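Below is one structure; the comments refer to it alone.
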There are 2 protein chains.
Amino acid sequence: MAIKNKTRYAILGILSIHSGTGYDIKKYCDTVIVNFWNENFGHIYPVLSQLLNEGLIKTENSPSPRKKIYAITEQGRTEFLNWLIEPAEYQPVRSEFLLKLTFSSNLPKDNIISMLTDYQQMHHERLTGYKKIQDDLKKGITEITPHRELFLYAPLRYGILSTEAVISWCDEILMALRNKL
Amino acid sequence: MAIKNKTRYAILGILSIHSGTGYDIKKYCDTVIVNFWNENFGHIYPVLSQLLNEGLIKTENSPSPRKKIYAITEQGRTEFLNWLIEPAEYQPVRSEFLLKLTFSSNLPKDNIISMLTDYQQMHHERLTGYKKIQDDLKKGITEITPHRELFLYAPLRYGILSTEAVISWCDEILMALRNKL
DNA sequence: GTTTGCATGTAATTCGTTACATGATTCT
DNA sequence: AGAATCATGTAACGAATTACATGCAAAC
């Protein structure tokens, strides 16, 4: 089975929360789900046309003619639900960082150490960002319904726990490196 | 800057350890670095031709005519090193699982719970696999030079720590889910 | 009045996957 | 004798990125 266009489902998912334009969808991607999902205009617009063609979404009447407000149809909801309940496909992992590290054995020790400290630093910054969002959620700054709260909180916690794991890993490897080589 | 063909560097890296055929390279991907890298024949062979063309690799004399043994050239080593010392490009993340979870707020509670337990189960199995490899490394079953040991051990530890974090995360979210909804 | 943000789209390109096609060698 | 593994490649396709192109509206 070929890799299937996931953008379809991202768009359907977003429109299942609230109707909006292609631009709105992009904004949602760049804010709410940015930590684990990305889309770009060059893909959103063609897929929107495609979904419209298939009857999974429809256009709502818009205040401005140059603004196309899309809404999910009943058929779209059904198709989205079918995707939702089937288990996520296996995604082949590709970590350029680990690839580099694997083949770094002949690099000077200092290079490897700075490679790891930079990587750790990046994750420290990422963690700070996550924690800020977490605080905003807790303080109720971000406006969401209590019913949806957990579903925005969970991916954030995922980011926090994974990032903390990476930071610990860096400590561990840096220590091994300093003791050994 | 466009996403650059990473397969080039994976191949150069593998050939920097030991020369071999396209088939050997694929085998290396499917065993040694399988946990964080993947390649397929349909991409390996064209890229090998390309690298040969650019003079980054060369063919060694082979015992069999239907077997092409590739070796990295000096030029290839230089280019590989240049890539190695520059920081890894930012890689856009895409987690289909987190995307699904985000839009699961209207799914029945039981569905969400089984979604999470399945995901956790999968990571438990992954962890078992990692730990087996770790034991093999410790017992010296896998034949490697002491100098390279850390560079095979580190990515493995990365997998173990990240996977443990995901398992903890599942526990946390499952508990929140059971208490709340 | 100029910059920033809103808004939509197309074209070119590249990367990577899958399927197809073929055949030799080794193991059981 | 047949299955598994070794071995190399091409063709078709699809997904996603980037660059290009355009113009309105609002804020400063």
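Residue numbers begin at 1 in each chain, while the letters A, B, ... track the order of the sequences. In what follows, every heavy atom counts, from backbone to side chain, and hydrogens, waters and symmetry copies are set aside. Fair warning: this is a prediction, and the values are worked out from it, not measured in the lab.
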Output yes when [X] and [Y] qualify as a salt bridge under the 4.0 Å nitrogen-oxygen rule, no when they do not.
{"X": "Lys26(A)", "Y": "Asp30(A)", "answer": "yes"}
{"X": "Asp136(B)", "Y": "Lys132(B)", "answer": "yes"}
{"X": "Glu89(A)", "Y": "Lys100(B)", "answer": "no"}
{"X": "Lys58(B)", "Y": "Glu74(B)", "answer": "no"}
{"X": "Glu149(A)", "Y": "Lys180(B)", "answer": "yes"}

Interatomic distance where [atom1] belongs to [X] and [atom2] belongs to [N] [whole Å]:
{"X": "Tyr90(B)", "N": "dT17(D)", "atom1": "OH", "atom2": "P", "result": "11 Å"}
{"X": "Lys4(A)", "N": "dA16(D)", "atom1": "NZ", "atom2": "P", "result": "12 Å"}
{"X": "Tyr23(B)", "N": "dC6(D)", "atom1": "OH", "atom2": "C1'", "result": "5 Å"}
{"X": "Leu51(B)", "N": "dG9(D)", "atom1": "CG", "atom2": "C1'", "result": "16 Å"}
{"X": "Ile11(B)", "N": "dG16(C)", "atom1": "CD1", "atom2": "P", "result": "11 Å"}
{"X": "Arg94(A)", "N": "dT14(C)", "atom1": "CZ", "atom2": "C1'", "result": "13 Å"}
{"X": "Ile44(B)", "N": "dA7(D)", "atom1": "CD1", "atom2": "P", "result": "13 Å"}
{"X": "Lys6(B)", "N": "dT14(C)", "atom1": "NZ", "atom2": "P", "result": "15 Å"}

**Request:** State yes or no: are the ring centers of Phe103(A) and Phe151(B) separated by less than 6.0 Å?
**Result:**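 So the answer is no for these two rings.
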**Prompt:** Of Ser49(B) and Glu39(A), whose closest DNA chain D nucleotide lies nearer the 5' terminus?
**Reply:**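 Upstream on the strand: Ser49(B).
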**Message:** Heavy-atom nearest nucleotide on DNA chain D for Gly42(B) versus His43(A): which residue maps closer to 5'?
**Reply:**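 The 5'-side residue here is Gly42(B).
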**Prompt:** Taking atom OH of Tyr153(B) and atom CD1 of Ile160(B), what is their separation to the nearest 0.5 Å?
**Reply:**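 Result: 7.0 Å between the selected atoms.
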**Prompt:** Which part of the nucleic acid, if any, lies within reach of Arg8(A) when heavy atoms closer than 4.0 Å are counted: base, sugar-phosphate only, or nothing?
**Reply:**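 If one applies the 4.0 Å heavy-atom cut-off, Arg8(A) turns out to touch nothing in the nucleic acid.
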Distance check: side-chain N/O of [X] vs OP1/OP2 of [N], anything under 4.0 Å?
{"X": "Asn40(A)", "N": "dA16(D)", "answer": "no"}
{"X": "Asn5(A)", "N": "dA16(D)", "answer": "yes"}
{"X": "Asn38(B)", "N": "dG16(C)", "answer": "no"}
{"X": "Thr7(A)", "N": "dA15(D)", "answer": "no"}

**Message:** Taking the nucleotide of DNA chain C with the nearest heavy atom to each, does Asp24(A) or Pro46(A) sit closer to the 5' end?
**Reply:**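 Whichever sits nearer the 5' end wins; that is Asp24(A).
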**Message:** Within the 4.0 Å limit for protein heavy atoms, which parts of nucleotides 20-25 of chain C are touched? Write it as a string from 5' to 3', B for base, S for sugar-phosphate only, - for none.
**Reply:** ---BSS
**Item:** Nucleotide nearest Lys27(B) when distance is taken to its side chain, options dT8(D), dT8(C), dC6(D)
**Value:**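 Output: dC6(D).
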